[in-house]
**Student:** 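Quick one: this structure, given as structure tokens, is what I'll be asking you about.
Bear in mind that the values here come from a model prediction, so they are computed numbers and not experimental data.
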Amino acid sequence: MTPLSVEARNALAARVAAVAHPLASAADLDPLLERIGDARYVLLGEATHGTHEFYTWRTEITRRLVEEKGFSFVAVEGDWPACYRVNRYVKGYGAAGDDAESVLRAFDRWPTWMWANREVMALADLLRAHNAAQPAERRVGFYGLDVYSLWDSMREVVGYLERIDPEAAEAARRAYSCFDPYHADEQEYARATALVPTSCEREAIAMLQALRAKAPEYQDDGRDAFFCAEQNALVARNAERYYRAMVRGGGTSWNVRDGHMVETLDRLMAHHDRPGAGAKAVVWEHNTHIGDARFTNMHGAGMVNVGQLVREAHGESPTDREGVVLVGFGTHCGSVVAGRAWGAPMRRVAVPEARTGTWEDVLHRAADAGAGRDLLLVFDGSADGGIAGLETVIEHRAIGVVYEPARERSGNWVPTVVPRRYDAFVYVDESRALDALHPDDAGDTGEMESFPSGM
């Protein structure tokens, strides 16, 4: 697509500057909190997977949602088993870890820096301190929505059954032994299923069904423990589907992955519902997941995402039905943590200034016009969000875990109708890389690259 002309950009930047809110402290989030109102779903994005300010602003928003609006849990773009260890820590469970850093260092699947970082340490300690003063049923949880942890989740299911039902554990080992020839290598499994008409789909489904059949018996051991085991069995089933789809290319695997995230979110909402008090979720994921795909080029490729599916199911606007608020994030320039290739060591790299005529360029010009260096935009629900000219498609930056600045022009800009894709937007003019806990560790490369690349 053709970027905005300089004249059109400057005119749009002036209109943005007229309605933007300067963003310097947590109190400046008041317009966003007002927009959220009684919404039960707040999805917070990020334009990269390695920017300090995206994590810190999401932490501030989350803190206010928890303290002022009683939000029930945080659900993130991470693996269920590793994130559940953080959940145990923030809820103060026994043997959950002595400190946030030691718990987060357990994230050893590439890209480790997404959750093993000092910014998430601050979030974990904030939630733990809040929970210390709460009864068990009101403690705020921390969970992973992603689908990648095939082998880890199978091990968790077997470990759970070994403790409460050794006979069923042996049956689980037999079912999951179908995966043994692939040596805990998702890529090897995916390639094998592409070459011959065979898979372990039946075994993964059967294990989930067997676990659910014994729900009344197993739940006596503890509602949370059974829920966690059931979720790991669900991850194993959907991960098997994901890796088979991945090797065939295209957008099918993306839809399997985001469909799993929404299924997990729905389960978490049901698990946290209490009589007279419906659960409320705050979700942390990349913009490509939380920004409504119908208003990007993803829609034309037959792809859906979390933001679209949650809106369709629960409310197309913050005041519709259960209420859904999608908050995008972006930056003009700075630095970021990313890998040069899939599985490559992390590195801090410069993020160049946004291209002329892009959304981030418009925001930078608005900042230069006196709106403030960092900005909050809250759209009014109309086609242009209350900013004339913003109803048209504009390029919007997206950086994944794989990033090469020299090639940015060809793969890091998403055609977007901004006020339809999001309900609000947080802009950081100049950002910096996050503070990773494994600065020299490439980690276990684990999952295969997702589509779109690295998001």
Side-chain angles (χ1 to χ4, degrees), residues 43-55 58 76-79 107 109-117 119-120 144-148 187 242 246 249-251 253-258 261 283-291 293 296-298 301 303 305-307 328-352 354-355 358-360 395-416 421 428 431-434 436 438 442-455:
L43 281 60
L44 305 178
E46 59 179 350
T48 80
H49 281 312
T51 296
H52 168 80
E53 289 84 358
F54 296 159
Y55 284 78
R58 290 188 298 183
V76 306
E77 188 182 338
D79 291 344
F107 282 85
R109 180 188 294 274
W110 192 92
T112 60
W113 66 84
M114 275 183 63
W115 305 112
N117 61 63
E119 291 79 0
V120 174
L145 296 176
D146 227 326
V147 74
Y148 288 137
Q187 298 186 45
Y242 172 82
M246 171 67 75
S253 61
W254 176 276
N255 290 347
V256 170
R257 183 183 174 205
D258 275 46
M261 290 179 179
V283 175
W284 288 29
E285 295 191 320
H286 198 279
N287 288 342
T288 50
H289 295 292
I290 69 93
T296 73
N297 60 346
M298 295 169 66
M303 299 164 68
N305 69 359
V306 173
F329 283 66
T331 185
H332 173 64
C333 63
S335 60
V336 70
V337 172
R340 188 182 299 276
W342 195 261
M346 60 158 282
R347 61 199 177 112
R348 290 175 176 82
V349 293
V351 176
R355 292 167 54 187
T358 61
W359 175 229
E360 285 72 14
E395 290 187 326
H396 170 26
R397 176 178 261 150
I399 294 172
V401 292
V402 175
Y403 178 57
E404 180 52 65
R407 296 198 294 269
E408 191 183 69
R409 284 184 176 271
S410 63
N412 293 102
W413 298 94
V414 179
T416 295
R421 185 178 180 186
V428 178
S431 57
R432 67 176 176 87
L434 58 72
H438 300 289
D444 175 6
T445 56
E447 69 274 3
M448 297 166 66
E449 186 169 349
S450 56
F451 178 84
S453 176
M455 303 301 182

**Student:** How far does CD of E77 sit from OG1 of T288, to the nearest 0.5 angstrom?
**Tutor:**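 Rounded to the nearest 0.5 Å, the CD-OG1 separation comes to 6.5 Å.
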**Student:** Could you grab the distance from atom NE2 of H332 to atom OG1 of T358, nearest 0.5 Å is fine?
**Tutor:**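 These two atoms lie 8.5 Å from each other.
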**Student:** Going from CH2 on W110 to CZ on F107, what distance comes out if it is rounded to the nearest 0.5 angstrom?
**Tutor:**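 Going from CH2 on W110 over to CZ on F107, the span is 16.0 Å.
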**Student:** Could you give the distance from CE (M303) to CG (N297), rounded to the nearest 0.5 Å?
**Tutor:**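 With rounding to 0.5 Å, CE (M303) is 8.5 Å from CG (N297).
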**Student:** Closest heavy-atom contact between F329 and A47?
**Tutor:**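 Distance-wise, the nearest heavy atoms are O-CB, 3.4 Å.
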**Student:** Closest heavy-atom contact between M246 and Y242?
**Tutor:**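 So the minimum-distance heavy-atom pair works out to CE-OH, 2.5 Å.
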**Student:** Specify the closest pair of heavy atoms between R347 and P405, including all atoms of both residues, with the distance to one decimal.
**Tutor:**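 Scanning both residues, the minimum pair turns out to be NH2-CD, 4.4 Å.
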**Student:** Do the side chains of N287 and H396 get nearer than 4.5 Å, heavy atoms only?
**Tutor:**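 Counting from C-beta outward, H396 and N287 do come under 4.5 Å.
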**Student:** Could you go through M298 and V414, starting from their C-alpha distance and side-chain angles, then the distance that decides it, and tell me whether this counts as side chain to side chain contact (heavy atoms under 4.5 Å, CB included)?
**Tutor:** CA-CA 9 Å; M298 295 169 66; V414 179; 5.5 Å; no
**Student:** Looking only at heavy atoms, which two atoms of V402 and A341 are closest? And how far apart?
**Tutor:**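 Between these two residues, the closest heavy atoms are CG2-C, 3.8 Å.
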**Student:** Rounded to the nearest 0.5 Å, what separation is found between the CD atom of E285 and the CG atom of D258?
**Tutor:**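 Between atom CD of E285 and atom CG of D258 there are 6.5 Å.
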**Student:** Report the residues that fulfil salt bridge (charged side-chain N to carboxylate O under 4.0 Å, His left out) with D146, sequence neighbours left out, ordered by chain and then residue number.
**Tutor:**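 So D146 forms a salt bridge (charged side-chain N to carboxylate O under 4.0 Å, His left out) with R257.
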**Student:** Please identify each residue that fulfils ring pair (Phe, Tyr, Trp, His ring centres under 6.0 Å) with Y55, with sequence neighbours left out.
**Tutor:**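 Partners of Y55 under the ring pair (Phe, Tyr, Trp, His ring centres under 6.0 Å) test: none.
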**Student:** Which heavy atom in W113 sits nearest to a heavy atom in G339, and how many Å separate them?
**Tutor:**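 Looking at all heavy atoms of both residues, the shortest contact is CH2-N, 3.9 Å.
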**Student:** Heavy atoms only: give me the nearest L434-V337 pair and the separation to one decimal.
**Tutor:**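 Reported closest heavy-atom pair: O-CG2, 3.8 Å.
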**Student:** Any salt bridge linking R355 with E408? Criterion: basic side-chain nitrogen under 4.0 Å from a carboxylate oxygen.
**Tutor:**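 Here R355 does not pair with E408 in a salt bridge, since their nearest N and O are not under 4.0 Å apart.
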**Student:** Drop me the distance from T48's OG1 to M114's CE, to the nearest 0.5 angstrom.
**Tutor:**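 If we round to the nearest 0.5 Å, T48:OG1 and M114:CE are 9.5 Å apart.
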**Student:** Not counting sequence neighbours, which residues clear side-chain contact (heavy atoms from CB on, under 4.5 Å) with S335? List them please.
**Tutor:**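 Applying side-chain contact (heavy atoms from CB on, under 4.5 Å) to S335 gives R432, A433.
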**Student:** For T51 and V428, run side chain to side chain contact (heavy atoms under 4.5 Å, CB included): C-alpha distance rounded to whole Å, both residues' side-chain angles, the deciding distance at 0.1 Å, then the answer.
**Tutor:** CA-CA 10 Å; T51 296; V428 178; over 6 Å; no
**Student:** For the ring pair W284 and H289, is the centre-to-centre distance below 6.0 Å?
**Tutor:**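 No.
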**Student:** Hey, is the main chain of G330 close enough, under 3.5 Å, to the side chain of E360 for a donor-acceptor pair?
**Tutor:**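 Side chain of E360 to backbone of G330: no pair is present.
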